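The chains referred to below are lettered A, B, ... by the order of the sequence lines, with proteins before strands, and numbering in each begins at 1. Just so you know, these numbers use all the heavy atoms, side chains as well, and skip hydrogens, waters and symmetry mates. Everything numeric in this text was worked out from a predicted model, so none of it was measured.
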Protein chains: 2
Amino acid sequence: MTLEYPDALQRRIPEATVSRLPLYLRSLLDFSEREVSTVSSEKLAAATGVNAAKVRKDLSYLGSYGTRGVGYDVEFLVHAISQRLGLTRDRKAGIAGVGNLGRALVNYRGFGERGFRIAACFDSDPLKIGTAVNDMTVSSIDEIEASVCAGGITIGIIATPAAAAQDVADRFVAGGVLGILNFAPAVLTVPPEVTLRKVDLSIELQILAFYVGRDSGLIQAAIEAAK
Amino acid sequence: MTLEYPDALQRRIPEATVSRLPLYLRSLLDFSEREVSTVSSEKLAAATGVNAAKVRKDLSYLGSYGTRGVGYDVEFLVHAISQRLGLTRDRKAGIAGVGNLGRALVNYRGFGERGFRIAACFDSDPLKIGTAVNDMTVSSIDEIEASVCAGGITIGIIATPAAAAQDVADRFVAGGVLGILNFAPAVLTVPPEVTLRKVDLSIELQILAFYVGRDSGLIQAAIEAAK
DNA sequence: CTCTGTGAAAATGTTCACAGCG
DNA sequence: CGCTGTGAACATTTTCACAGAG
């Protein structure tokens, strides 16, 4: 499925680890701002809500960058993680759909600050096209292909209703994006060379409902059993 | 860590399965709307982007509800999954922070339609307090405890800036919520009886960046190797 | 003596492959 | 026959526990 990486170049980082690196990065940036120069795996664990052994194993995939008896150098780690996540080069993203969610994403501090720049936004609503969002002019959905291609946009963000999502994805792909982040509650099909991730807000709430329901059931059961 | 569930009551459903149930549910609702009465694991797999063996194993945790040679009854499964996710009782949620993201969540079709009702919203900005969002009046953050308690709200959604998130969480907990869904980029502490889930928009983008970066590197390497 | 780095064990999750029901 | 349900094989992830560097 995946091509083999030339082994000398860099060790393969497990998926589970990759998904935690941004978490560590954020905490490390906090430490850095508070002028903390060194952290132990224990401290980083406390700050991120991950356990210490996992932190050490995760960081070990980046290389042996810690000092025994001391911990990790904050600045060094910030750099190493940013590097590995590919946040050092600055990436342009385009966003389709400037409803509430789209606007929330455009204004999201976290995006702009970490090597991402929202360089274009698109909508199908004639009333929105031509208006400004965060000092960007909203373009028509039809212009995605040309705009992505001409503007060197490598990432497409989809924040449209589900019905429009596949069309938008096809346009992003035609324009040549390398990755798509999909917020629409729809299953998309893209060619294998394009990386696709999805975030589904209502699914998260439903998962929460399961655990909430179960736990209150559990408590009921426990009360019952205690009688 | 977790209490043992009385075995007769219901089989324990693995976490990975729970996180896919809402996905199946959505597809099943689509089938239902299109008046499809029966689906095979293969069909459901295609519609959700999960593989068929996984679909069958997941559904088997709910019970043996399929018919061999035929498939699963759509309506029956919809009911069974809704039941297990605890979506049959109607739940009230409160939302703190009515910036762009908060408003996007309030208006999110997916929330209202599946047994959730956003029953209250809160903000700290005096300019927003008293205004209406989706025919709800925005209340002050200070009123969370009382409002949650009096209104029977069981779920708190946090869409505030990171700095306010822990305070809001404490208030939700004091008011008696059973679960919290956190969109703020902050690590929260809540008592163990409160279920906590988080969604971090910028982290998803960073994870995407990793795979995008790696794959374009891969392509480079492949070109190199082919020479 | 502290804290990393890591093998090895345990737990969790995924895929295979096929027996057997309808 | 077609398609579910599920043991058993395989893969990934987490946790443990400790040797050894500083």
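Side-chain atoms of B:E42 never come within 3.5 Å of backbone atoms of B:A52 as a donor-acceptor pair (strictly under, hydrogens ignored). A donor-acceptor distance shorter than 3.5 angstrom exists from the side chain of A:T48 to the backbone of A:L44, with no hydrogens or angles considered. The main-chain N or O of B:A186 is found under 3.5 Å from a side-chain atom of B:N182 such that the two form a donor-acceptor pair. Remark: side-chain polar atoms of A:S40 are paired, donor with acceptor, to backbone N or O of A:K43 under 3.5 angstrom.
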Test A:Y72 against A:Y65 for ring pair (Phe, Tyr, Trp, His ring centres under 6.0 Å), laying out the working first. CA-CA 7 Å; A:Y72 301 87; A:Y65 292 155; 8.9 Å; no
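If you measure from atom CD1 of B:I13 to atom C1' of C:dG13, you get 15 Å, rounded to the nearest angstrom. Rounded to whole Å, the distance from CG on B:L59 to P on D:dG5 is 8 Å. The separation between A:L77 atom CG and C:dT4 atom P is 11 Å, rounded to whole Å. Straight-line distance from the OH atom of B:Y65 to the P atom of C:dG22: 16 Å, rounded to whole Å.
Within the structure, a side-chain polar atom (N or O) of B:S41 is placed less than 4.0 Å from OP1 or OP2 of D:dT4.
Salt-bridge formation is not detected for the pair B:D30/B:R26: no Lys NZ or Arg NE/NH1/NH2 atom is positioned less than 4.0 Å from an Asp or Glu carboxylate oxygen.
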Can you build the contact string for nucleotides 13-22 of chain D? Use B for base contact, S for sugar-phosphate-only contact, and - for no protein heavy atom under 4.0 Å. SSB-B-BBBS
